[in-house]
Amino acid sequence: RLVEYNYSSISLNLNYRLIRVLLEEPLLRDKAASLGLMTRAPPFLFAEVFQLLFRPTHILFQEHMKLKRSLGGLQPGKFIAIHFRTGKIAYDPDRHGSNDLELFLACAAKVEKQLHLPEDTPWLLATDSA
């Protein structure tokens, strides 16, 4: 139905996971192309948009740089970050079981291969789970 609208702009409020699906919907590609819009979602769309819209505070930037140095000076795009949450803390809903960590690591290995990163690419595992 979106293709049928004749408005010059449409505002959508979506969960970020659905935006890639929307951008790659075959029925919307022709309309998007005719408007000069992208017809495929860039691989790191949300990372790029987030970096464009938000900048860290000075203190957060300093802490980030200190962490990078402690990890051997990570290069942008040359490491894999894994955020693993089980939900085993009072204010967080259940998410994944602790036995799912192996699946996350297998996924990271697959990403490393797909991006043609070297086998010595650093991995950063972040968790806020108990």
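No hydrogens, no waters, no symmetry mates; every other heavy atom, side chains included, goes into these values. Numbering starts at 1 and runs along the sequence shown. Since we're looking at a predicted model, the values are computed, not measured.
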Checklist outcome for this item: d(Lys68 NZ, Glu63 CD) to nearest 0.5 Å is 14.5 Å

Quick one: side chains of residues 101-119, donor-acceptor pairs under 3.5 Å with protein atoms, not counting sequence neighbours, listed by atom name and distance.
unit_1, atom_1, unit_2, atom_2, d
Glu112, OE2, Trp123, NE1, 3.1

Checklist outcome for this item: For Leu53, the side-chain contact (heavy atoms from CB on, under 4.5 Å) test, sequence neighbours excluded, returns Val49

Next on the checklist: If the condition is side-chain contact (heavy atoms from CB on, under 4.5 Å), which residues does Ile59 pass it with, not counting sequence neighbours?
Outcome noted: Thr57

Next on the checklist: My understanding is that only residues two or more places apart in sequence, or in another chain, count here; which of them pass ring-ring contact (aromatic ring centres under 6.0 Å, His included) with Phe79?
Outcome noted: none

Next on the checklist: Applying side chain to side chain donor-acceptor pair (under 3.5 Å), can you list everything that pairs with Gln51, at least two apart in sequence or on another chain?
Outcome noted: none

Next on the checklist: My understanding is that a hydrophobic cluster links ILVMFWY residues whose side chain heavy atoms are under 4.5 Å apart, including indirect links. Using that, what else belongs to the cluster containing Met65?
Outcome noted: Phe61

Item to check | Test side chain to side chain donor-acceptor pair (under 3.5 Å) applied to His83 - qualifying residues, sequence neighbours left out | outcome: none

Item to check | Whether Thr127 side chain and Phe84 backbone form a donor-acceptor pair below 3.5 Å | outcome: yes

